[in-house]
Number of protein chains: 2
Amino acid sequence: MIRFLSNSVNRIDAKGRVSVPASFRSILASADVQDLYCFQDFVFPAISVGGPELLTRLEKRIEVADPFSPEANRMSLLVHGGGVFMRLDQEGRLMVTDFIRSFTGITDHVAFVGRGDHFQLWQPEAWEAAQKAAREGLGR
Amino acid sequence: MIRFLSNSVNRIDAKGRVSVPASFRSILASADVQDLYCFQDFVFPAISVGGPELLTRLEKRIEVADPFSPEANRMSLLVHGGGVFMRLDQEGRLMVTDFIRSFTGITDHVAFVGRGDHFQLWQPEAWEAAQKAAREGLGR
DNA sequence: CCGTTTCCCATTGACGCCCATGTGGTCCCA
DNA sequence: TGGGACCACATGGGCGTCAATGGGAAACGG
């Protein structure tokens, strides 16, 4: 069962790499996931990361629509244009590319956040703020 | 499996050439594609690029319509009249012709955007704006 | 014959593979 | 129960390879 939980902040090194938390890596390993589908999230300034089936699931939503419809084009723009496959290096680290930085505002630290069937990369302060906002939103 | 993903911006050199991202090139190579069919996109100010089968697929769409219908005429005008075949040079670079510049507004940088079975060339700022608009459009 | 395109080579910087280090936590045993 | 060996994990850095880019020169076409 794939279920990413909890959050932690790791440091980006001088070469722009960051260690993915071991707990997340072991989940990926047990699901035998090599290629990580990473896309610029639809609602948050965060990168969502999951296995290839995450992309497949999103593509299903495109296929049902007329290929020339604005709806399908809009989805493809985000799902295909806003997504990449990435791999971890041998130590389980991820390159923090411009693709990630420009969208999230990440500079030198990354917050890894479990989201159930996937996890996300956040700029740490933005994550703090979003978490706080979510908590307050529940009270109402 | 042919699946173009992600986006990145490359620079046009003094001779008007631009490097196609290596990830896109490797997909083309694995599909053994030499000639690139390029056409002015139907919905965005961008050039869509794919293998010859992309043209075939569009032509299929024309055939199913009544050959004298305004619909079929319009499609053919765009698919045939607005399309060209291009090739990459030995280093995997593309000549940015006037055909591309005038339709997209591209001047000195090109945004390459994966769209699944094909990819697109955008003027970088226009791409940013379109992506942002697509994201906001999803909320509704 | 001249301007444009393609080929070829050089440079630079980024990325992936490999190995080393530090630190916190756990387990074992006296 | 205190100390020490050990281990897992985050992190640092050397180095080779490849991609992106620049520019000279040949090939091509009008």
Side-chain angles (χ1 to χ4, degrees), chain A residues 4-30 33-38 47 49 84-103 106-114 119-124 127, chain B residues 4-30 33-36 38 47 49 84-102 106-114 119-124 127:
Chain A
F4 296 98
L5 289 179
S6 99
N7 68 87
S8 65
V9 175
N10 282 348
R11 167 173 232 287
I12 299 179
D13 70 19
K15 293 166 90 172
R17 304 169 298 186
V18 66
S19 290
V20 173
S23 61
F24 288 3
R25 294 205 312 257
S26 68
I27 294 175
L28 293 172
S30 70
V33 171
Q34 303 282 326
D35 295 290
L36 300 176
Y37 174 63
C38 311
I47 302 291
V49 183
V84 222
F85 276 115
M86 300 189 78
R87 282 177 165 247
L88 304 185
D89 71 13
Q90 225 145 4
E91 286 73 37
R93 284 181 286 197
L94 189 70
M95 266 302 298
V96 183
T97 61
D98 227 43
F99 176 86
I100 295 174
R101 293 178 191 270
S102 64
F103 188 73
I106 288 171
T107 56
D108 57 352
H109 286 79
V110 179
F112 289 85
V113 179
F119 64 91
Q120 295 182 322
L121 315 181
W122 286 73
Q123 196 270 339
W127 158 242
Chain B
F4 295 97
L5 288 179
S6 156
N7 67 86
S8 64
V9 175
N10 282 350
R11 168 172 232 286
I12 298 179
D13 69 17
K15 294 181 174 180
R17 304 169 298 185
V18 66
S19 291
V20 173
S23 61
F24 289 3
R25 295 206 311 259
S26 69
I27 293 174
L28 293 171
S30 70
V33 170
Q34 304 283 327
D35 296 291
L36 300 176
C38 310
I47 301 293
V49 183
V84 287
F85 276 113
M86 300 189 80
R87 280 177 167 248
L88 304 185
D89 72 12
Q90 221 147 8
E91 285 74 38
R93 284 182 283 199
L94 188 72
M95 268 301 297
V96 183
T97 61
D98 228 44
F99 171 83
I100 295 173
R101 293 178 191 269
S102 64
I106 288 171
T107 56
D108 57 352
H109 289 265
V110 179
F112 289 85
V113 178
F119 64 89
Q120 295 183 320
L121 314 181
W122 286 73
Q123 196 271 339
W127 156 242

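Here is how names work: the chains are called A, B, and so on, in the same order as the sequence lines, proteins then strands, and each is numbered from 1.
- Of the candidate nucleotides D:dC9, D:dG22, D:dT11, D:dC9 has the atom lying nearest to any side-chain atom of A:Ala22.
- Within the nucleic acid shown, B:Arg25 comes within 4.0 Å of sugar-phosphate atoms alone, with no base atom in reach, counting heavy atoms only.
- Between A:Leu88 atom CG and D:dC9 atom C1' there is a gap of 14 Å when expressed in whole angstrom units.
- A donor-acceptor contact under 3.5 Å is formed by the side chain of B:Lys15 with the base of C:dT6.
- Here A:Val96 lies out of heavy-atom contact (under 4.0 Å) with every strand.
- No N or O donor and acceptor, one from the side chain of A:Arg17 and one from the base of C:dG16, sit under 3.5 Å apart.
- Under the side chain to side chain contact (heavy atoms under 4.5 Å, CB included) criterion, A:Asn7 pairs with A:Val113, A:Trp127, A:Gln131, not counting sequence neighbours.
- With hydrogens and angles left out, the side chain of A:Arg93 and the base of C:dG16 share no donor-acceptor pair within 3.5 Å.
- Distance CG (B:Asp89) to P (D:dA25): 19 Å, rounded to an integer number of Å.
- The base of C:dC8 sits with one of its N or O atoms less than 3.5 Å from a complementary donor or acceptor on the side chain of B:Glu91.
- You'll find the side chain of B:Val18 reaches within 4.5 Å of the side chain of B:Leu94, heavy atoms only.
- Side-chain proximity of A:Met95 to the nucleotides D:dA20, D:dG22, C:dG16 is greatest for C:dG16.
- If you check every strand for non-hydrogen atoms under 4.0 Å, B:Val9 touches nothing.
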